[in-house]
Amino acid sequence: MPELPDVEGFRRVLAEHAGKRIEDVVVHDAQVLRGVSAQRLRKSLTGQRFEPPRRLGKWLIAPVGGRPETLVLHFGMTGSLSTGPPHRHDRVVFRMAGGELRYRDMRKLQGLRLLGESGLEELLAGTGPDALEVPKGRFRELLPARRQLKGALTDQAVLSGLGNLLADEILWRAKLNPRTPAGELSPAEVDRLHARMRSTLRTAVRAGRVPPRASWLTGHRDEPSGACPRCGTALRHGRTGGRGTVWCPRCQPG
DNA sequence: CGGACTCCCTGGCAGC
DNA sequence: TGCTGCCAGGGAGTCC
């Protein structure tokens with residue numbers, strides 16, 4: 001499921017098409033359009049060009065040259081942006097001078113927005129710093145003391161880009177229990193969490209996704225009796241904030 | 001305030 | 001074989 005590393009990959013796909021003329025926008029399923037009609041989207045984009053896109057957390061932000069509007073994409077759980085062959089879950093297709101760009105999303109939990117200046121400002125104001133970019137000093141300050149660690153990491157208003165799987169992976173690497181109140185961490189533990197978050201994200205961004213490696217926790221979370229890739233202890237499964245949570249009781253006591 | 005819960009949405013799968 | 005119901009989780013919203 002798309003988290004920060006996947007969205008960074010989609011950003012690169014879109015970046016390759018920046019500056020090319022948008023010939024047409026074909027909306028196959030208007031259910032993914034949020035606050036914009038198919039007609040307005042088409043009118044606003046056709047004949048224009050995307051400026052170089054940026055990413056904040058899981059948001060992909062593409063200003064439209066020649067217009068005061070910005071296309072903002074979110075990929076929910078099952079979304080993607082690609083130039084590959086057509087697929088039945090392609091919801092919106094951008095016909096560009098250099099090929100077709102496909103917004104694909106099976107479950108339609110999120111979608112596309114076309115925001116003006118104030119709408120974009122509002123969106124960005126409600127989104128915390130990017131998990132890949134946030135410096136150590138800022139990271140120390142932003143974790144709300146009275147919250148469970150995992151809930152804080154996955155709250156996009158606190159820190160943006162981490163989803164359920166990456167949060168578990170990072171906490172496992174930092175050897176911290178998901179339910180630990182953030183305020184109970186020592187300064188050294190906060191620094192370790194920041195360091196593990198950065199290294200995990202850097203590796204995943206290079207791969208364009210969370211890599212399917214046996215040495216990562218993520219690959220073992222769906223195994224009924226999965227073992228910790230580090231110490232072999234049986235992994236524990238629970239729920240945090242309504243989401244499945246996997247951790248090693250030996251590496252991550254608490 | 002924070003945490004638990006529900007809802008949206010679809011496809012895959014277990015169980016009958 | 002085919003039905004039903006549950007599960008996955010990003011994010012918004014509600015309730016306590």
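Numbered from 1 within each chain, the chains take letters A, B, ... in sequence-line order. Because the structure is predicted, anything quoted here is derived from the model rather than measured. Scope of the values below: all heavy atoms of this structure, side chains included, with no hydrogens, waters or symmetry mates.
Separating the CD atom of A:E3 from the P atom of C:dG11 is a distance of 9 Å, rounded to the nearest angstrom. Rounded to whole Å, the distance from CG on A:L60 to P on C:dG10 is 18 Å. For the pair A:L143 CG and B:dC1 C1', the interatomic distance rounds to 17 Å; values are reported in whole Å. Summarising the geometry, the separation between CG on A:D29 and C1' on B:dC9 is reported as 11 Å, rounded to the nearest angstrom. A:R34 places its CZ atom 10 Å from the C1' atom of B:dC9, with the value rounded to the nearest Å. Atoms CG (A:L166) and P (C:dA8) sit 18 Å apart, rounded to a whole Å. For the pair A:D105 CG and B:dG11 P, the computed distance is 11 Å after rounding to whole Å. For the pair A:L162 CG and C:dG10 C1', the computed distance is 13 Å after rounding to whole Å.
Contact annotation: A:K58 side-chain N/O to C:dG11 OP1/OP2 distance is under 4.0 Å. Taking 4.0 angstrom as the limit, A:K108 places none of its side-chain polar atoms (N or O) nearer than this to OP1 or OP2 of B:dC8. Proximity of A:R107 to the phosphate of B:dG12: no side-chain N or O atom is located under 4.0 Å from OP1 or OP2. Applying the 4.0 Å criterion to OP1 and OP2 of B:dT10, one finds that A:H89 has every side-chain N and O outside that range. Look at A:R147 and you won't find any side-chain N or O under 4.0 angstrom from OP1 or OP2 of B:dC1.
Of all nucleotides listed (C:dA8, C:dG10, B:dT10), C:dG10 comes nearest to the side chain of A:R243. When each of B:dG3, B:dG11, B:dC9 is scored by its nearest atom to the side-chain atoms of A:M106, the top-ranked nucleotide is B:dG11. Taking only side-chain atoms of A:R146, from C-beta outward, the nucleotide of C:dG10, B:dC9, B:dC1 with the closest atom is B:dC1.
A:P249 approaches A:A234 most closely through the heavy-atom pair CD-O, 3.4 Å. Nearest approach of A:V13 to A:H17, heavy atoms of both residues: O-CD2, 3.2 Å.
The aromatic rings of A:F50 and A:F94 stand perpendicular to each other, their planes meeting at an angle above 60°, with 30° marking the opposite boundary. Ring pair A:W59/A:H74 is perpendicular by interplanar angle, where above 60° counts as perpendicular and below 30° as parallel.
A:M77 comes within 4.0 angstrom of a nucleotide base, judged by non-hydrogen atoms across all strands. When heavy atoms are screened at a 4.0 angstrom cut-off, A:Q156 is found touching the sugar-phosphate backbone but no base atom. If you check every strand for non-hydrogen atoms under 4.0 Å, A:G244 touches sugar and phosphate atoms only. Contact annotation for A:G242: no contact, since no heavy-atom pair falls under 4.0 Å across all strands. Residue contacts shown for A:R221 are limited to sugar-phosphate atoms, with no base heavy atom under 4.0 Å away.
Nucleotides of DNA chain C nearest to A:R113 and A:M1 differ in position, and the one nearer the 5' end is that of A:M1. Remark on DNA chain B: of its neighbouring residues A:Q31 and A:R239, the 5'-side contact belongs to A:R239, judged by nearest-heavy-atom nucleotide.
Under a 4.0 Å N-O distance rule, the pair A:R11/A:E8 qualifies as a salt bridge. The pair A:D90-A:R102 meets the salt-bridge criterion, since a charged nitrogen lies less than 4.0 angstrom from a carboxylate oxygen. One finds a salt bridge joining A:D191 and A:R140 here, because a Lys/Arg side-chain nitrogen approaches an Asp/Glu carboxylate oxygen to under 4.0 Å. Classification of A:E169 and A:R173 as a salt-bridged pair holds, one side-chain N sitting under 4.0 Å from a carboxylate O.
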Q. Can you give the dot-bracket line for DNA chain C, using ( ) for pairs inside the strand, [ ] for pairs that cross earlier ones, | for pairs with another strand and . for unpaired bases, where Watson-Crick and G-U count if both distances are under 3.5 Å?
A. .|||||||||||||||

